[in-house]
Protein chains: 2
Amino acid sequence: MSNSTPATIEDVARIANVSIATVSRAIHMPEKVANSTRLKVNQAIAVTGYTTNAMARSLRLGRSNMILVVAPDIGDPNFSNILIGLENEARSHGYGILIGHTQNDAQRGLEYLKFLNSNQAAGLILFTGILPFGHQTMTARLPPSVGVFEPVFNGGIPYVGVDDIAGARKAVDLLIAEGHRKIAFIGDSRTRLAYSRRRMGYEAGMDAADISANLRIVFEGDGTIESGRLAVEQLFMRDTLPTAFMCVNDQTAIGVMIGLKARGYDIPGDFSVTGFDDVPQAVFMTPSLTTIRQPRTAIGKHAMALLLELLSDGQPAETEILLRPDLVVRNSVSAPSRIRR
Amino acid sequence: MSNSTPATIEDVARIANVSIATVSRAIHMPEKVANSTRLKVNQAIAVTGYTTNAMARSLRLGRSNMILVVAPDIGDPNFSNILIGLENEARSHGYGILIGHTQNDAQRGLEYLKFLNSNQAAGLILFTGILPFGHQTMTARLPPSVGVFEPVFNGGIPYVGVDDIAGARKAVDLLIAEGHRKIAFIGDSRTRLAYSRRRMGYEAGMDAADISANLRIVFEGDGTIESGRLAVEQLFMRDTLPTAFMCVNDQTAIGVMIGLKARGYDIPGDFSVTGFDDVPQAVFMTPSLTTIRQPRTAIGKHAMALLLELLSDGQPAETEILLRPDLVVRNSVSAPSRIRR
DNA sequence: CCATGCTATGTAAACCTTTACATATAACGT
DNA sequence: ACGTTATATGTAAAGGTTTACATAGCATGG
């Protein structure tokens, strides 16, 4: 019982006085074994404290119970909440989660390949829109995979994300409802497809409100705090200013707020600002940031569920799952001031 | 090469015209094999794209190349940065990281036990001060383990953390240097040992400045935002108020700031506030929070290094590694106002 | 030139499972 | 009562690796 080496299936078989095959069946196909035998086996398992050796099992099955999760930055607050969803779903199905972060470095990605090639991971969750592995020949050998947040570039991989267009639409519609017409979109169309979809939502909202093109101001940054600050600087050089800044993500919104405050403006008195993502600090900003919430835990849960389904069926039921993002109204939006301009 | 099933050591052996034992040795004990043979083997490996099957290897060795990391809450911002350090160190030594979060639920912890018992993880990193597994009999079978942040209750497990006493001392010394005498400590001595050490730092600093006991106000909360807010409410009911709030962590500090602002006070004009941890949002608070930074990535790196050492040597070189926390001066501290009281 | 020891390699067992196949027993229909 | 089918269990191979042990070649020292 408190033996030094863990019990094997043979120990159980000996004690239960059956063959090892029967023990294995009692565990994994209980209906195939007689009630009385199953009882004996279960007792023997309890006595020995036996647990199936996952290594041996995976070796025999040619498939592990690990899922590799690769993200560019595991420190990203957007990441950790999704991780919770992934983890919960995986664990409840007997799977474990293997973490990898690439820091956008292809070399790093390659190192994780090892876990896949060596059969240590049965499936792959990708947080980045591109395959982290240089070799495109790899795709042939890629295990069942699911993308998170945005479609994976090379295609053929189902993904779970948020309806970015609808989310952005909610933000722009709020601003329009508050009376704004001249709304700037501070975007980042280069790095991520999801971001360009948010811009599509912006344009659609402006279209729907019949706001002419010359009232639309689009600044393309790179999704960082600094780029938000920079956007403000640049826009202030033009003759016409927006009354509201709709930002492609919260980071950009934070930058915009910093830029506006540095110039002495009041938010939302002088300018309204919206973000997208609802990162944890959004609520602690002054003013707290009105933004679009990503249902992060749900995204993780769905992504893992889809992957597990892929793992057992081979075919994905859906190729794209888009969850509904919610508008979170806080204090960074109000009606445009009539005094100014 | 682009075969459907991955190459095995036998494929390599056949092509290199040697035995599988030689291939294995060429890979893992290169000095034991003749130069010419090693060359042949390496070429064959390149041709086949062979990677060692980790399952088979672990099965044979009775030890895996995975480290299980168990934390109560993987969404905690304190956690994710440490994870980066852990991950980097592990990967550079060929280890992978398995994630588990218990949500302080013993049942959950037990589920992760499975990964250990079944040989899927060779070592354990514990983020919680107590063993997450109910059975204390387990300790006998516990694999090499390292605690992070604070000592593990049951003892015998080395840990890596921050010098909480010295860190707290820096905070209280700053406040005293600014001229504060009546400094409240908003603590949380119940949940974590690290927190009670921070209080020790507070007391030591007050002692050193010869500040009498009746000027010391200690409120014991539970380390949450809400408990910080509550502390303010309670202290305002007393006749004497502090001029500064030294908080056991940033969450509490955020709560204190919310409470003070709700009463219309200015920070740091009316009251100074310090935190501990330097969570990501600390810099975005208004005013930005003066706090003590935990060297998180370094903690992770050291913890993993210690564990890997443990794994190979069996004996830990050190039983406790305390890193130096740094004071981060921002805008929530100033001299006490002379006007008031 | 032989005994000895060292170096490089091969053979085969072991690690622990799962499962195809074989076998034995029981049940059933005619 | 007998052939057929279903049910329950056992036997043994296979999965890919590492390594103790065996072997062969070769140099070294006397």
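Just so we're on the same page: letters track the sequence lines, and every chain starts at 1. Note: hydrogens, waters and symmetry copies are ignored here, and every other heavy atom, side chains too, is used.
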>> Ignoring hydrogens and geometry beyond distance, is the side chain of A:Arg60 in donor-acceptor contact with the base of C:dT17 at under 3.5 Å?
In response: no
>> Please tell me if A:Ser24 has a side-chain N or O lying less than 4.0 Å from either OP1 or OP2 of C:dT17.
In response: no
> Using a cut-off of 4.0 Å on non-hydrogen atoms, how would the nucleic acid contact of A:Ser58 be classed: base, sugar-phosphate, or nothing?
Replying inline: nothing
> Can a side chain N or O of B:Ser19 be found less than 4.0 Å away from OP1 or OP2 on C:dT11?
Replying inline: no
>> Using a 3.5 Å distance criterion without hydrogens, assess whether the side chain of B:Ser145 forms a donor-acceptor pair with backbone atoms of B:Pro143.
In response: yes
> Mapping B:Val33 and A:His28 to their closest nucleotides on DNA chain C, which lands nearer the 5' end?
Replying inline: B:Val33
>> Both B:Asn53 and B:Arg25 contact DNA chain D. Which one's nearest nucleotide lies toward the 5' end?
In response: B:Asn53
>> Taking any heavy-atom pair under 4.0 Å as a contact, classify B:Ala34: base, sugar-phosphate, or nothing.
In response: sugar-phosphate
>> Rounded to whole Å, how long is the line connecting atom CG of B:Leu61 with atom C1' of D:dT18?
In response: 7 Å
> Should B:Arg14 and B:Glu10 count as an ion pair when the cut-off is N to O under 4.0 Å?
Replying inline: no
>> Closest-nucleotide mapping onto DNA chain C: is B:Ile20 or B:Asn119 further toward the 5' terminus? I mean the 5' end.
In response: B:Ile20
> Atom CE of B:Met55 to atom P of D:dG15: distance rounded to whole Å?
Replying inline: 17 Å
> A:Arg57 CZ to D:dG15 C1': how many Å, rounded?
Replying inline: 14 Å
> Backbone N or O of B:Val33 within a donor-acceptor pair of the B:Thr37 side chain at under 3.5 Å?
Replying inline: no
> Quick one: is B:Thr8 getting a side-chain N or O under 4.0 Å of the D:dG15 phosphate, OP1 or OP2?
Replying inline: no
> Among side-chain atoms of B:Gln294 and B:Asn81, is any donor-acceptor pair under 3.5 angstrom?
Replying inline: no
> Any chance the side chains of A:Asn119 and A:Arg63 put a donor and an acceptor closer than 3.5 Å?
Replying inline: no
>> Just N and O in the side chain of B:Thr37: are any of them under 4.0 Å from OP1 or OP2 of C:dT9?
In response: yes
>> Nearest heavy atom decides the nucleotide; on that basis, is B:Ala56 or B:Thr22 closer to the 5' end of DNA chain D?
In response: B:Ala56
> Where the side chain of B:Ala21 is defined as all heavy atoms beyond and including C-beta, which of C:dT19, D:dT19, D:dT18 is the nearest nucleotide?
Replying inline: D:dT19
> Between B:Arg38 (CZ) and C:dA8 (C1'), how many Å, whole number?
Replying inline: 12 Å
>> Tell me the interatomic distance from B:Met29, atom CE, to C:dA8, atom P, rounded to whole angstroms.
In response: 12 Å
> Which whole-number value in Å describes the distance from A:Lys32 NZ to D:dT9 P?
Replying inline: 12 Å
>> Output the rounded distance in Å from CD1 (B:Ile9) to P (D:dG15).
In response: 15 Å
> Whole Å only: how far is the CG atom of A:Leu59 from the P atom of C:dC15?
Replying inline: 14 Å
